Each structure stands twice: as C-alpha cells, then as structure tokens.
Amino acid sequence: MDVVQPALFSVMVSLAALWRSWGVEPAAVVGHSQGEIAAAHVCGALSLRDATKVVALRSKALIDLIGHGGMASVAESADVVARALAPWSDTVSVAVVNGPPLPVVVSGEPDALDEFVEKMKADGVQARRISVDYASHSPHVTRVRDQVIDALSDISPPDVDAALLLHPLRQGHRHRGTDRRVLVRQPARTGPLRHVRPAAGRRRIPDVHRDEPHPVLTVPVQGDRRGTSTTRWSCHSARRDRNEVQSLVGSLAQLYVRGGTVDWDALLGPAPRRTCRRTRSSGSGSG
C-alpha cells in the first residue's frame, strides 16, 4: 500500500500534466478515493510537494489497518445492500458505490463480512470477498485519523481559481480548492458526477479518466449522465489491452473530432515547411 498508492499518484498527476501540455484544460476536477489527492493538486488546491507528502504519509499510516479488516463486492444496488447490512450495521458498511453494472463494495470486520457474504449468496445475490485485509472507507480509518492529521498539520493550501471546482466522489458535495478533506473514511461514489456542469460558455465536457490502468468507471459514469442536458462523453488515458501511445493519442483524437480543443503542434511539432519549389507545367505537351 505504501508503494502502490504513491506510484498511482505519480501516474495520475503525470497524465494530467500530459493532457494539459496538449491544450486540454479541465473545467472541473473529480477525485475518486485516492484520486482526490491528485485532483486537489490538479485544481491547484495542493502544491505538488504538499500533495506528494499527503499521499506518502497517508498511505504509510494506512499500513496500520492491514490485518484488521476486509472488503467484499455485492452485485446489487446501494439501497438494497444498505438494507441488507442492517444486522451488521455496527461492523460492516458501504464503502464504494460506482453504479451499475459495477458491484457495490462493503468493508468492515472480517468475520462479519463472511457472514454477510454468505447471507447474500443464500438470497441468490452474487457476492464475494475481495483479496485485501484492510477496510477502506469504513470506521476502521478513524484509527489513523489523528496520526494523519498531525503529520499533515503544516500543509496550508494556497488560494486557487474559484471557477475550478474539486468534486470528491463521497457524499455528493463539491468543494472549493482550499478544502482539505482528503481522508478515506466516507464511501466513494460516482453519483455526484451527475452534478458536474461545464463552466460558463462551455457546451461539452470530456470525462477524461486519468487515474487507472483500465477505464473501469467509464460505464457507470456514462450511465449516470443520462437525463442531463449537457453533451458529454468519456475517454481514457490507458487500457490494459492497448498500447499506451495508441490509447492516449486515440482518446485525444476522439476529443478533437467531438469539438474539443487540442494543441496538435505540442504533440506532433510544428507543421513542416515546404523546402523545394513546385515546377510549373508548360501544358503544351512534348515537342
């Protein structure tokens, strides 16, 4: 955890910088779970130095949770899962709600998780334990809350452009850049994406997924936009079944043909100049 999360953070902020180098500027920034830290940096709420400190010390603190919990996925809606969790409400809670067709993730005490999973299976619901031994997005995280806050007490976010909002995918609230709530206690949700709107004068928003080796959240994000008046689509930075360059440039091309602004000179270099003179045909045939 203390290696993987900083590595993923590096990928996220690097890809964000790469998209920006090609002229693609965000209208809003969304963070999903750990992605909130990268999103806070991209929108200017955290310097790169401070964001790196947050992810490094946060992931180090979370090591203390290993061996004390677990997580499970359940192929049901969040409402159904929440009702089914009633007998285990003190030990298991909803952790991640990505929307259909992805399952809901719950986390908590290992024994209680096993009981809950068996109950859901007996009711005909697909459920399984996830191969982790910690409980993210659960009350377990409060064990390291003070440790994380003390370690990060000297961080002071700068003033940022109020037009660029940070949308943490937790409880549906959006925050200005100076908000520092980047812990892992509350459930992560894709639902708040329906409230993201383009800045004034922008009719389209590309949903660019920069933070994962495969665009897992694309389908629920697309489904969550139905019923909105905004013309939007989803593109990604990487796919596990595709060459990295092909994936990135392909998404950039999709963005361009749908009306997005792309600085092709930044990617391909300036247009070549003609170095030889074109000869004029006499048009009189051979003689």
Side-chain angles (χ1 to χ4, degrees), residues 1 4-5 8 30-36 62 65-141 167-172 183-195 207 209-228 233-242 247:
M1 185 182 298
V4 172
Q5 292 197 1
L8 287 174
V30 174
H32 184 276
S33 188
Q34 180 202 344
E36 291 184 26
L62 293 178
L65 302 181
I66 294 176
H68 300 289
M71 305 179 76
S73 64
V74 185
E76 261 293 0
S77 69
D79 291 340
V80 170
V81 172
R83 289 194 296 270
L85 279 174
W88 298 273
S89 59
D90 293 335
T91 52
V92 181
S93 59
V94 172
V96 181
V97 181
N98 288 327
L102 298 183
V104 171
V105 176
V106 298
S107 63
E109 301 291 342
D111 291 343
L113 275 173
D114 289 338
E115 293 175 5
F116 176 68
V117 167
E118 291 306 314
K119 174 62 167 61
M120 298 305 290
K121 288 180 177 179
D123 291 343
V125 178
Q126 290 185 354
R128 65 176 181 87
R129 285 288 300 272
I130 299 173
S131 298
V132 297
D133 58 355
Y134 53 87
S136 293
H137 302 287
S138 80
H140 281 217
V141 177
H167 296 259
L169 297 187
R170 285 175 282 150
Q171 294 298 325
L183 294 176
V184 288
R185 166 63 183 88
Q186 300 298 327
R189 304 173 183 270
T190 57
L193 278 175
R194 68 167 58 93
H195 303 297
D207 294 323
H209 301 281
R210 305 184 174 111
D211 65 335
E212 50 194 4
H214 192 69
V216 177
L217 297 180
T218 297
V219 174
V221 166
Q222 289 174 333
D224 201 39
R225 293 198 308 256
R226 289 177 297 184
T228 66
W233 64 94
S234 296
C235 55
H236 55 269
S237 296
R239 294 185 64 94
R240 57 174 170 251
D241 56 351
R242 192 172 299 173
S247 184

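Being a predicted model, the structure only gives us computed values, none of them experimental. FYI, the numbering just counts along the sequence from 1.
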Short side-chain to backbone donor-acceptor contact, Q34 and Q5, under 3.5 Å
yes
If we check side-chain contact (heavy atoms from CB on, under 4.5 Å) with M71, which of these qualifies: D133, V92, I130?
I130
Do V104 and E76 have side chains that get closer than 4.5 Å, going by heavy atoms?
no
If you compare all heavy atoms of A75 against all heavy atoms of V125, which two are closest, and at what distance to 0.1 Å?
O-CG1, 3.9 Å
Are K119 and D123 close enough, and set up right, to give a salt bridge (Lys or Arg N to Asp or Glu O under 4.0 Å), and what steps lead you there?
CA-CA 6 Å; K119 174 62 167 61; D123 291 343; 2.6 Å; yes
Looking only at heavy atoms, which two atoms of A135 and S138 are closest? And how far apart?
O-OG, 2.8 Å
Side chains of E118 and E115: closer than 4.5 Å at any heavy-atom pair?
no
Reported OG-to-CZ distance for the pair S77 and R83, which is rounded to 0.5 angstrom:
6.5 Å
What's the spacing between Q126 CD and M120 CE if we round to 0.5 Å?
11.0 Å
Could you tell me which non-hydrogen atom of A72 sits nearest to which non-hydrogen atom of V117, and how far apart they are?
CB-CG2, 3.7 Å
What is the minimum heavy-atom distance between P110 and H68, and which atoms define it?
CD-O, 4.0 Å
Decide yes or no for W88 and V106: does some side-chain heavy atom of the first lie under 4.5 Å from some side-chain heavy atom of the second?
no
Shortest non-hydrogen contact from S107 to H137?
OG-O, 3.7 Å
Quick one: does Y134's side chain get under 4.5 Å of L62's, heavy atoms only?
no
